[in-house]
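Quick caveat: nothing in here was measured; it's all calculated off a predicted structure. Letters A, B, ... mirror the listed sequences (proteins, then strands); counts begin at 1.
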Amino acid sequence: MLSFVIRRLATLLVTALCLTFLVFLLTNMQPRLETLAKTQGSARMSDAEVQSWLVREGFDRPIIERYGEWLGVVPGWTREQTDGTMRGRCIDRVADPAEADTRCGVLQGYWGSSTRFQAEVGDVIAARLGATGMLMLWVVIVMVPSALAVGVLAGMREGSRTDRSLSTVSIVSAATPEYVSGVIFIALFASSTFGISPLLREWGLMEANILFLGNARSAMDQITFWNFALPVMTIAFYGMGYIARMTRASMAEVMTQQYIRTARLKGVSFPAVVLRHALRNALIAPFTVIMLQFPWLLNGVVIVEVLFSYPGFGWALVEGASNNDIELLLACSVVAVVVVLITQLISDIGYVYLNPRIRIS
Amino acid sequence: MSIPLVWIVAAFAACLAVAVMTRGTRGAVRGLGRAALAGAGALGAWLLVDGVIIHGLAADPDIAQLAWGQMAGRMIAQFWPVWAALALTFALSLAYRRRLGLYGKLFGSSIGMIGFALVMFWIFTALFADLIATHDAIAQVSGMRNAPPGTPLPDPGARYEFFLLGGDAQARDVFSRMVMGARDVLAIAPAATAFAFMVGITLGLPAGYYGGRFDTALTFVSNLVLAFPVILLFYLLVTPDIVATGLPMWMAAVLFLFPVIFLSVLWNSRYFTHPLRRNIYVGLTLVIGLWIYSGLAFNADPLGVWGMSPNMLNVFVAVVFVNAPTVFRIVRGLTLDIKSRDYVAAGQTRGERPSYLMLWEILPNARGPLIVDFCLRIGYTTILLGTLGFFGLGVSPESPDWGSTINQGRQLLTVYPHAALTPAIALMSLVLGLNLLADGLREESLRD
């Protein structure tokens, strides 16, 4: 087991290295650097000025060397400016150049500085991940129980009317990407002139102008049902369908087993059979699916955070990507890779614990 | 308006006659009735959702606004080529379903039929888009900015008198943009999915069959691509800067080579024992394939028939690149499973070559799950294309594709929701149709 985990962690490291190098290559292409120079300097810079900006900021050296600097295995660049002051990767971040380290990179715990947010990437990512963490937490709290309930209810009597209608719901939800359901939800619940809000106000059921807020920026200060319901619902709705369908398939298969029939024949009531005998076995397969769903949630989070302007990780990623913020994007891809591979690892290990018939070698 | 109605009635009557002759009265009526009910249900649901949400818009009493019923009627009439084509397709398919294999069996399940109807609705809409669209999809009409659905044009002239689903923020007709957008989406999504399948199959079969280093390396690369957040990948690959570096062209050069390789090996392994036939098939594949290849990947087709704009190529390549690793994993898993079967061992004992075993023994036996996944994947590709549009990547801002239209419409979503809701519901219904179709296919292919 231990060697399995160690091997997986090694794969994670290699994947993260390859991925960040790819991102580094793609973000450091010449046209991109010129765009970056123009957004950082001024939009009307001449080609010569762009070149001198790139040299001044240390973008003129070979790509491998600069990737090494980012990692922290190669000493950071230093250069004496025309006015006699020293500039360099490690010098810029401390007040006194003499105190600067020779190497400063990921290995030393320095993730670089964000050109978009004018702050250290580590701080930006930490703050944004915290905000996204809250969103994800509420999504999981809403999505997983409802998906499991739908799946179990549909799968316990395969082919029944409940099954058919719940299956239709899950197919529809799996066919509605976040940018579609988000738009529909905002129009239905967050507009003062259409959808449900004017009706509720007319009937005197509601004091406020709109039922839910279509913008989640205020959730940064305080999360309320009013400002957080729509973003959470939007992400949960798309993810729910897939989990529910897997649960249904697994539940339907378990219900055909001999021991379920035996339990029914010896007189155990149907609810007791479902809850005591079937449920545990039926939840093994969905567990894997739920864990593997996390990387997909990350994707949905990007769309929803942009749609509802909630400044989390996904919003930072889009801001960084549209401004070619190199070091922010590198950190984002590291986070993404870690999330993907750790969830895979947890799903594999959890699978072994839940299902003793499987052995990991 | 009366002429299209006559056509629809005539088409239905003809279909009914054909069905009655081949299957007897009761079966035909039941089948057609079920299909019509499904179509009407889907349409009704769409109109209901659209209607309830945008209802508050039709407020101004001074202008001769269309009522909701009138608007629905006009839209149904506008779609007449689609209804006629759908009726014909269903009648013919229901009449000959017993001779049509898996496709015919689809008409045994109501889920499959509803899915098929939704998908065909959009396919026919894309085909007949010029007939259905009431206005030019990118033309701006003065005075129609953010017009509510059913607004009459101030000065119609020879044009259609109404904006059926209103105007968007740039005073363009939402209805026509939705119809033309179907063409954009359906031109890219199935083709990109097919290319992704060619790449996935060409790499997945040998990876599963041979295993070893080759497999390990390919699996690592595919996991690498899958670990990439899709949106970051799109931001890195689908921008004007990247077109300037020529990277999409080189990716296209690699990815588009796979269909040619796949088909050549396919024919070569099948007709290896008939050199003449083999030479004809492989030769034809190479000539036609490389001709298309030169046009699509390098825009260097000597005859100028095949070609893609750099933007389009960029979007296409990115979507193929994102989809191919998943297909690879599925094909590899299926190959690993099937290669341990007895009939593969028998083939090996007979002395069949690995390429024949992979392409003519293993692949045909993996077709069930692959066809189902193909349907699901077209839906997923549609969602990806929408995502690209939603982030304003790749396509020109003028383009009527659904993703970009949603993106533009969301700025004024709480005030004028019709501009964003229409493409959103269109996209959802297409993906839903594809998912239902995949479900129906899965059910029917499991049955035998």
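Using a 4.5 Å cut-off between heavy atoms, B/I406 touches chain A through its side chain atoms alone. Contacts between A/S322 and chain B at a heavy-atom distance below 4.5 Å involve backbone atoms as well as side-chain atoms. Contact of A/T35 with chain B is made through the side chain alone, with heavy-atom distances under 4.5 Å. Proximity to chain A is limited to the side chain of B/L427, based on heavy atoms less than 4.5 angstrom apart. Using a 4.5 Å cut-off between heavy atoms, B/F234 makes no contact with chain A at all. Contact annotation for B/S429: neither backbone nor side-chain heavy atoms come within less than 4.5 Å of a heavy atom of chain A. For A/Y238, the part lying under 4.5 angstrom from a heavy atom of chain B is the side chain only.
The choice from A/V337, A/L298, A/V306, A/N324 that makes the most heavy-atom pairs within less than 4.5 Å of chain B is A/V306. Interface remark: of the candidates A/R245, A/Q30, A/Q344, A/R245 forms the most heavy-atom pairs closer than 4.5 Å to chain B. Of the residues considered (A/V318, A/L199, A/L341, A/T27), A/V318 shows the highest number of contacts with chain B, using heavy-atom pairs under 4.5 Å. Chosen from A/R32, A/E178, A/M29, the residue pairing most often with chain B at heavy-atom distances under 4.5 Å is A/R32. Considering only heavy-atom pairs separated by less than 4.5 Å from chain A, the leading option among B/D439, B/N223, B/L436, B/L226 is B/D439. By number of non-hydrogen pairs under 4.5 angstrom with chain A, the leading residue of B/L376, B/N407, B/L237, B/L224 is B/L224. Listed options A/T11, A/V183, A/L26 were ranked by heavy-atom pairs under 4.5 angstrom with chain B; first place goes to A/V183. No other option in A/I196, A/V339, A/L19 has as many heavy-atom pairs under 4.5 Å with chain B as A/L19.
A perpendicular orientation is assigned to the rings of A/F185 and A/F237, their planes being inclined by more than 60° (bins at 30° and 60°).
Rounding to the nearest 0.5 angstrom, the gap separating the OG atom in A/S114 from the CD atom in A/E327 is 9.0 Å. Expressed to the nearest 0.5 Å, how far CE of B/M178 lies from CG of B/L421 amounts to 12.5 Å.
Between B/L430 and the choices B/L118, B/I378, B/I383, B/V185, the side chain to side chain contact (heavy atoms under 4.5 Å, CB included) rule is met once, by B/V185.
Both tests pass for B/R410 against the ring of B/F390: distance under 6.0 Å to the centre and angle within 45° of the axis.
Residue B/E443 comes nearest to B/S109 through the heavy atom pair OE1-CB, 3.9 Å, listed as atom of the first residue, atom of the second, then distance. Looking at every heavy atom in both residues, A/G312 comes nearest to A/E305 through C-OE1, 3.1 Å.
Checking side-chain atoms of A/S173 against main-chain N and O of A/G241 turns up a donor-acceptor pair under 3.5 Å.
No more than 12 heavy atoms of other residues, nucleotides or ligands lie within 6.0 Å of OH in A/Y242, so this atom counts as exposed by the packing criterion. Crowding of A/E253 atom CD: a count of heavy atoms from other residues, nucleotides or ligands under 6.0 Å not exceeding 12.
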